[in-house]
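In what follows, a structure is listed as structure tokens, so that the remarks can point back to it.
Here, residue 1 is the first one in the sequence, and each next residue gets the next number. Start at 1 and go down the list; that is how both ligands and their atoms are numbered.
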Amino acid sequence: MNTDRIVSTFTDYFREHGHELVTGGTLLPPPSDPVLFTTSGMHPLTPHLEGRPHPQGRRLTSVQRCLRTTDLDEVGDRTHLTVFEMLGSWSLGDYGHSQSLRWGHELLRDGFGIPPERMHVTVFGGDDEVGPDDESLGTWRELGLPVELTSDENWWSHGPVGLCGPDSEIFVWTGDPGTPPQGSPTTDPRWVEVWNHVSMRYRRLEDGGLQLLQQPNVDTGMGLERLATVLQGHDSVYDSDLFEPWTRLLPPLWDLDEPSTRLVCDHLRSGIAVIGDGVRPSNTGRGYVLRRLTRRVLTTLWRDDPSRTLSDLPTELLGHTLDHFRQPGDTGRVRGVLVDEERRFGRLLERGRRVLGRPRFEGPLSDEDYRYLHDTHGLPRDLVTTLRTP
Ligand code: SER
């Protein structure tokens, strides 16, 4: 099943069950939100989970693009991405958690064809504040799925204060299909979490207390790229259809090792999506995130060959990314932003070479030197190292 089919299977299912599709999906939260980028599917719905009526009703579904830069150094491995999409469903004080779990089970089994023998779930087993989630436990037992109880791992919160509640996570077995699944989600990493159903019925207060929300909500989120990777039987998200044009077109253009190819694919794809949502490189805020992503790409490309240029980026990749994120942008304009940033960075490096030619930087560099070069001249540490390598 390709990614487009996965998305339509998900949203069609929830629409058939009375949910309205929330469109938009931009990476940019509204101006009143202090966070730079949308970080999860439920993020734009926070005021409505807090109780403000939503104009589209009490049952919602969405496909939300998200950006997280907290794991930047992990990018290049098999799974981490800076921009990803979340499939989500919500009950804003409408149906209960048990209904959500039943629909989740049915959609994974009948819609996505995952045999129930390859599913395992986890449920909140209670702690000293809140009792065990017996409702979910009962529902899963009725549906015949193996359940593991945990406490910390099944309590969802976004931060020290605000919305929170017990959750139930659905895992899929990714081990050899010929042998029966082993262990449980906390004991065997071949169980991969695909879908989180949160019973969002509490608010954590500043003083640490827990308050019941006026309306008990259900908030679910499933990472699209991870689901596609699991359904398509791959180990790495880069082997899924989502990256097909990238993994076909980039290696012949730029001969890099595998982690570097992945980093370049991820960051360029994210850069295109961020530009597609209207951001331009700058030294602050969102523009700085875009600048960092682009410069990390260029640093990687230029490490072996400074003649590489984003002018060579195939138009198909720009078009594929904008289409995938349902962005109307024009490929020429997006490329213009990237190439402009490349020129700017190229000039910065020239200046860097001149600065590094000063006698002060002849010997080994201290942390303070690196800090000075970064803070005063905008030269990242790994680039300085490269510039100094004979
Ligand atoms: N709030 C849950 C998550 O972020 C489900 O949307 O995973």
Please tabulate, one line per pair, the protein nitrogen or oxygen atoms found under 3.5 angstrom from a nitrogen or oxygen of ligand 1, with distances to 0.1 Å, or say none if there are no such pairs.
residue, atom, partner, partner atom, Å
ligand 1, 1 (N), W156, NE1, 3.4
ligand 1, 1 (N), D219, OD2, 2.6
ligand 1, 6 (O), D219, OD1, 2.8
ligand 1, 6 (O), D219, OD2, 3.3

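Partners of E225 according to the salt bridge (Lys or Arg N to Asp or Glu O under 4.0 Å) rule, which considers only residues two or more places apart in sequence or in another chain, do not exist here. When the side chain to side chain contact (heavy atoms under 4.5 Å, CB included) test is applied to P314, the partners found at least two apart in sequence or on another chain are L249, L253, L317. For the ring-ring contact (aromatic ring centres under 6.0 Å, His included) test, residues two or more places apart in sequence or in another chain that qualify with H48 are H54.
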Could you walk me through whether R65 and D277 pass the salt bridge (charged side-chain N to carboxylate O under 4.0 Å, His left out) test, one step at a time?
-> CA-CA 11 Å; R65 50 183 174 275; D277 276 342; 2.8 Å; yes
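Between H374 and Y370, a ring centre-to-centre spacing not shorter than 6.0 Å is recorded.
Between E106 and R102, no side-chain nitrogen of the basic residue sits less than 4.0 Å from a carboxylate oxygen of the acidic one, so the salt-bridge criterion is not met.
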